[in-house]
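Following: one structure in structure tokens, then a few remarks.
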Protein chains: 2
Amino acid sequence: MGVIDESGVLALATRLQRLSEQMRKDGLLIYKAHGIDFEPKWFPIIYTLHFKPVLSVVELANEIGYAHPSTITLLKELEKLKIIKSGKDKADERKRLVQLTEKGKALIEQMKPVWQIITAAATQLIDTKTNLMKAIEEVEQQMELQGMYQRALSLMAANNIKNQPDK
Amino acid sequence: MGVIDESGVLALATRLQRLSEQMRKDGLLIYKAHGIDFEPKWFPIIYTLHFKPVLSVVELANEIGYAHPSTITLLKELEKLKIIKSGKDKADERKRLVQLTEKGKALIEQMKPVWQIITAAATQLIDTKTNLMKAIEEVEQQMELQGMYQRALSLMAANNIKNQPDK
DNA sequence: AAAATATATGTAGTCAACTACGTATATTTG
DNA sequence: CAAATATACGTAGTTGACTACATATATTTT
């Protein structure tokens, strides 16, 4: 039971991050190749607003699964580019309601064929024998059930009980 | 052929990154629960030096698959904690040779049981029907063969040829 | 052996997410 | 209805990787 084959799992976080970076970089290049100035990190927001046209900042953050400050940063960029616009909710002045501009809607139409290409290219990459997409979904579900830390605690407890007699 | 189910793939980069963050955070907690002050990001370096005791900065960077500036940053932290030490290579003065200190070696021995726990916990998470580890390895291989951008270019070329007659 | 090139390391700044904390408005409770 | 609490948003600073560039030493070419 050597230490050798632990290395893959133990360095998993790093590998996930680097894979993510690579995909984002390539995504950017693909948009560029179509003459579109669009960053992959903006996708979740744009895409969500395409289907839910008016949302507050926090609602949007929840929809895309980001912390709200990350969302605010992205919204700032998109607002500067006039892809989205926003204004106070008159019914609840704490809220800022966000929606696509006409320019934003046009951009989406322009991007749709590119999304097909990206999806096709990513699918080629991902559809190996063991499907990454499915694997991630399953792990995300497992995580929700119980995170790695909680699992480790249980394992430690089990170990302590087993080792008790030896002491 | 709606846009709906593209969203998963198109947001893949983000999902990978967030999974990575979560695992790192939990990793840190598990070390802490064992009273060990160790950050998961240090693992690749420590682990590599455990098996290849003396390496230059760039050699080490290549071994762990990092860019060298990232490696330098990590080495600085580890050197400050006296987990590693380093000095000029007398045979080639450009090189700085890096190795574990006694403290570093002792730390590894202390961490070995923790690595087992982390591995076990991560394995629980990962060993779903579709194995994430295998999926990542396969995608990494596919990436090496041809990245997502290159694949997209090929797809675009194919599309253009098909669409040419329409114009 | 001088010049050109290559390699090793280091520094500075970027990126895309995060947490922690502060402020403003709304809602609930005593 | 005033006080306490909760919610929404925003700012500041962190993290862990990166790229681009600068410098020092070594190697290769002419």
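Lettering of chains follows the sequences in order, A, B, ..., and the numbering in each one begins at 1.
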In whole angstroms, the gap separating P of D:dA17 from CH2 of B:Trp42 amounts to 12 Å
Can you check the B:Leu16 CG to C:dA17 P distance for me, whole Å?
-> 12 Å
Which heavy-atom pair separates A:Met143 from B:Leu19 by the least distance, and what is that distance?
-> CE-CD1, 4.1 Å
Identify which nucleotide among C:dA8, D:dC18, D:dC9 has an atom closest to any side-chain atom of B:Ala67, counting heavy atoms from C-beta outward.
-> D:dC18
Find the distance A:Leu97:CG to D:dA8:P and express it as a whole number of Å.
-> 12 Å
At under 4.0 Å between heavy atoms, what does A:Ser56 touch on the DNA or RNA strands: base, sugar-phosphate, or nothing?
-> sugar-phosphate
With the side chain defined as heavy atoms from C-beta on, B:Pro69 is closest, among C:dT11, D:dT11, D:dA8, to C:dT11
salt_bridge(B:Lys134, B:Glu137) N-O dist < 4.0 Å | no
Shortest non-hydrogen pair, A:Val139 vs B:Leu125, comes out as CG2-O, 3.7 Å
B:Lys25 atom NZ is separated from C:dA17 atom C1', nearest whole Å, by 9 Å
Atom pairs, N/O to N/O, protein against nucleotides 14-16 of chain D, distance under 3.5 Å?
residue, atom, partner, partner atom, Å
D:dG16, OP2, B:Lys41, NZ, 2.7

Aromatic rings A:His50 and A:Tyr47: how do their planes relate, parallel, tilted or perpendicular, breaks at 30° and 60°?
-> tilted
Separation of C:dT7 atom C1' from B:Arg96 atom CZ, nearest Å, is 16 Å
Assign each of A:Ser70 and B:Ile72 to its nearest nucleotide of DNA chain C by heavy atoms, then name whichever residue's nucleotide is nearer the 5' end.
-> B:Ile72
Answer yes when A:Glu63 and A:Lys52 have at least one side-chain N-carboxylate O distance shorter than 4.0 Å, and no when they do not.
-> yes
Taking atom P of D:dT7 as reference, at what distance in whole Å does atom CG of A:Leu60 sit?
-> 19 Å
Just how far, in rounded Å, is P of D:dT11 from NE2 of A:His68?
-> 10 Å
Considering only NZ, NE, NH1 and NH2 on the basic side and carboxylate oxygens on the acidic side, decide whether A:Glu102 and A:Lys105 come within less than 4.0 Å.
-> yes
Could you pull out the protein-nucleic contacts involving nucleotides 25-29 of chain C (nitrogen or oxygen on both sides, under 3.5 Å)?
residue, atom, partner, partner atom, Å
C:dA26, OP1, A:Glu93, N, 2.9
C:dA26, O4', A:Arg94, NE, 3.3
C:dA26, O4', A:Arg94, NH1, 3.4

For residues 28-37 of chain B, dump all side-chain donor-acceptor pairs below 3.5 Å to protein atoms at least two apart in sequence or in another chain.
residue, atom, partner, partner atom, Å
B:Tyr31, OH, B:Trp115, NE1, 2.9
B:His34, ND1, B:Ile30, O, 3.0

Side chain of A:Arg18 only, please: which of D:dA17, C:dG10, D:dG10 is the nearest?
-> D:dA17
Taking all non-hydrogen atoms of both residues, which atom of B:Lys88 and which atom of B:Glu93 are closest, and how far apart?
-> CE-O, 3.4 Å
What are the two closest heavy atoms between A:Pro40 and A:Arg24, and how far apart are they?
-> CG-O, 3.5 Å
Atom-pair distance (CD on B:Glu63; C1' on C:dA8), nearest Å | 16 Å
